Q: 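Would you mind keeping the following structure in view while I ask a few things?
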Amino acid sequence: MDTLRSLNCFVRAVELGSLSAVAREQGTTQSNISKIVAALEDELGVRLLERSTASLSPTMPGRRFYERARGMLEDYADAVADARGETAAASGLVRINAPVALGQFCLNAYVQDFLRQYPRMEVELILNDRMVDLVEDGVDIAVRLGSDLPPNVVARRVGASQRILVAAPEYLKAHGTPQSPEQLAEHEYIRFAWLSSGDRLELRDGEQSVTVATHGRYRVNNALAIRDTLAAGGGIGLCPEWLVQDLLAQRKLRRVLRHWHGPEQELNLLYPSRRYLPHRVRLMLDYLQQRFAGQAGF
């Protein structure tokens, strides 16, 4: 049995969801691909695929085997490229997951630059604010804000953004500017929904730290909505510097309690805890670390 070809046929069958699609891709017949996958199942003594006239999907053992087999094929391709001196000509797909706001303000532009540098690379950028399962969702790199990270991944810390209090000049003109953290309780405070700390806000001024009560009638689970609300004069909010630095430069927002700030917001690159990463993923990790290191606000 040609093990490499068997693994490749199985992996592509899972990814394409069809034996006939694999056959078309490899220029052979569906019957031939079916025999190759069946021989692999016989060799392992495990059913890898559930087949029906309408669909094809991996079994539970098949899903686990797919992840390992895909990694083996990627490692082999990287080893061949390294032996041939082709590592500079990187190719293949990298799947990235990131928060919506960070994707809009930073990652989208970074990816475009990356693709211009590496014409044979492909990138799939999925933007949402939930913590994904990298293996289950087939994600190579997750860009995450904050220090609350899952235990089953490797995290590369690439920066941290100071969180500052901001408000629109119009709001401050109408409602006054607080002169101490305690006075925040007298203002409309715009915050992220579902925070475990609720309306309690921790602020620091050098070595001094205080926790103050805030009050706000509007909470939202989206950083872009918070940014827009603050710019529209909705109240005062605590935001990471990267999110509002352009509005501060344009004087659409102003710093409030300039010497006080919240805990830093960490930025981490997460990837599956595999011993050996594909060259294309390592290339993207190093590129993102370099770009974020030069990004104002981190």
Side-chain angles (χ1 to χ4, degrees), residues 98-110 127 129 143-148 158-268 291-298:
V100 176
L102 193 66
Q104 178 174 321
F105 281 92
C106 300
L107 273 172
N108 192 53
Y110 294 174
L127 301 179
D129 293 325
V143 185
R144 287 293 112 187
L145 295 164
S147 56
D148 186 15
V158 296
S161 182
Q162 190 177 76
R163 289 195 282 191
I164 57 178
L165 289 160
V166 296
E170 294 79 10
Y171 174 85
L172 297 175
K173 182 178 180 180
H175 301 278
T177 302
Q179 301 300 312
S180 69
E182 290 74 17
Q183 290 182 3
L184 289 172
E186 303 167 12
H187 289 265
E188 283 289 341
Y189 183 73
I190 310 299
R191 70 168 175 86
F192 204 86
W194 306 331
L195 283 179
S196 58
S197 57
D199 291 324
R200 308 293 292 180
L201 177 63
E202 180 186 352
L203 295 173
R204 298 170 183 170
D205 177 9
E207 297 298 321
Q208 185 180 4
S209 176
V210 298
T211 300
V212 297
T214 63
H215 169 73
R217 293 175 296 142
Y218 183 52
R219 297 172 291 278
V220 59
N221 70 329
N222 182 276
L224 294 176
I226 290 176
R227 167 189 158 98
D228 290 344
T229 301
L230 294 171
I236 298 174
L238 185 73
C239 295
E241 191 174 357
W242 63 265
L243 182 64
V244 295
Q245 59 189 352
D246 59 328
L247 297 180
L248 289 168
Q250 298 164 19
R251 301 183 183 278
K252 294 180 180 179
L253 287 176
R254 282 177 46 192
R255 288 281 304 268
V256 175
L257 297 174
R258 181 172 294 273
H259 298 294
W260 293 89
H261 58 85
E264 285 186 331
Q265 183 184 62
E266 289 188 12
L267 175 66
N268 291 276
R291 289 302 302 265
F292 278 116
Q295 170 69 44
F298 283 105

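Only heavy atoms go into these numbers, but all of them, side chains included; no hydrogens, no water, no symmetry mates. Given the structure is predicted, the values throughout are model-derived calculations rather than measurements.
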Q: List the atom of Leu107, the atom of Ala98, and the distance in Å for their closest heavy-atom pair.
A: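 Of all heavy-atom pairs spanning Leu107 and Ala98, the closest is CD1-CB, 3.1 Å.
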
Q: Taking only residues two or more places apart in sequence, or in another chain, which ones meet Arg144 in a salt bridge (Lys or Arg N to Asp or Glu O under 4.0 Å)?
A: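 So Arg144 forms no salt bridge (Lys or Arg N to Asp or Glu O under 4.0 Å) with any residue.
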
Q: With rounding to the nearest 0.5 Å, note down the distance linking OG in Ser180 to CD in Glu186.
A: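 The CD atom of Glu186 is 8.0 Å from OG of Ser180, to the nearest 0.5 Å.
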
Q: As an exercise, state the distance from CZ of Arg255 to NE2 of His261, rounded to the nearest 0.5 Å.
A: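 Spacing of CZ (Arg255) from NE2 (His261) equals 8.5 Å.
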
Q: Check whether any side-chain heavy atom of Ile236 lies under 4.5 Å from a side-chain heavy atom of Pro178, and answer yes or no.
A: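 Yes. Closest side-chain heavy atoms under 4.5 Å.
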
Q: Identify the two heavy atoms, one from Leu145 and one from Pro99, that lie closest to each other, and give their separation to 0.1 Å.
A: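 Closest approach of Leu145 to Pro99, heavy atoms only: CD1-CG, 4.1 Å.
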
Q: My understanding is that only residues two or more places apart in sequence, or in another chain, count here; which of them pass ring pair (Phe, Tyr, Trp, His ring centres under 6.0 Å) with His175?
A: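 Testing His175 for ring pair (Phe, Tyr, Trp, His ring centres under 6.0 Å), a comparison that skips the adjacent residues, returns Tyr171.
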
Q: Search all heavy atoms of Gly146 against all heavy atoms of Asn268 and return the closest pair with its distance.
A: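 So the minimum-distance heavy-atom pair works out to O-ND2, 3.4 Å.
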
Q: Restricting to non-hydrogen atoms, name the atom on Ala193 and the atom on Asn221 that form the minimum distance, rounded to 0.1 Å.
A: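 Answer, listing the atom of Ala193 first, then Asn221: CB-N, 4.0 Å.
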
Q: On a heavy-atom basis, which atom in Thr214 and which in Asp199 lie closest, and how many Å separate them?
A: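 Closest pair (atom of Thr214, atom of Asp199, distance): OG1-O, 2.7 Å.
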
Q: Considering only residues two or more places apart or on different chains, which pairs with a residue in residues 221-238 satisfy salt bridge (Lys or Arg N to Asp or Glu O under 4.0 Å)?
A: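 Salt bridge (Lys or Arg N to Asp or Glu O under 4.0 Å) check on residues 221-238 returns Arg227-Asp246.
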
Q: Passes side chain to side chain contact (heavy atoms under 4.5 Å, CB included), Leu203 versus Leu165? Steps please.
A: CA-CA 10 Å; Leu203 295 173; Leu165 289 160; 4.0 Å; yes

Q: Checking Glu188 now: which residues fulfil salt bridge (Lys or Arg N to Asp or Glu O under 4.0 Å) with it, not counting sequence neighbours?
A: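 With neighbours one apart ignored, the set is Arg217.
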
Q: Should Phe192 and Leu238 count as side-chain neighbours, where that means a heavy-atom distance under 4.5 Å?
A: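 They are not in side-chain contact.
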
Q: What pairs with Arg204 under salt bridge (Lys or Arg N to Asp or Glu O under 4.0 Å), at least two apart in sequence or on another chain?
A: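 Applying salt bridge (Lys or Arg N to Asp or Glu O under 4.0 Å) to Arg204 gives Glu202.
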
Q: For Phe105, what residues pass the ring pair (Phe, Tyr, Trp, His ring centres under 6.0 Å) criterion, not counting sequence neighbours?
A: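 Here no residue qualifies.
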
Q: Restricting to non-hydrogen atoms, name the atom on Ala231 and the atom on Leu247 that form the minimum distance, rounded to 0.1 Å.
A: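 The answer is CB-CD1, 4.1 Å.
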
Q: Below 4.5 Å, heavy atoms only, C-beta onward: do Val256 and Arg254 meet side chain to side chain?
A: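 No, side chains not in contact.
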
Q: Per the side-chain contact (heavy atoms from CB on, under 4.5 Å) rule, which among Ile164, Leu201, Leu184, Val210 passes with Trp260?
A: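 Checked Ile164, Leu201, Leu184, Val210 against Trp260; only one passes side-chain contact (heavy atoms from CB on, under 4.5 Å): Val210.
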
Q: Does some side-chain heavy atom of Leu267 sit less than 4.5 Å from a side-chain heavy atom of Ser161?
A: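 No - every pair of side-chain heavy atoms lies 4.5 Å or more apart.
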
Q: Using 0.5 Å steps for rounding, measure from the OG1 atom of Thr229 to the CG atom of Leu224.
A: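 Going from the OG1 atom of Thr229 to the CG atom of Leu224 covers 10.5 Å.
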
Q: Measure the spacing between CG of Leu257 and CD of Gln183 and express it to the nearest 0.5 Å.
A: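 The distance works out to 8.0 Å.
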
Q: Report yes if some heavy atom in the side chain of Arg191 is under 4.5 Å from a heavy atom in the side chain of Arg219; otherwise report no.
A: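 SC-SC contact between Arg191 and Arg219 confirmed.
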
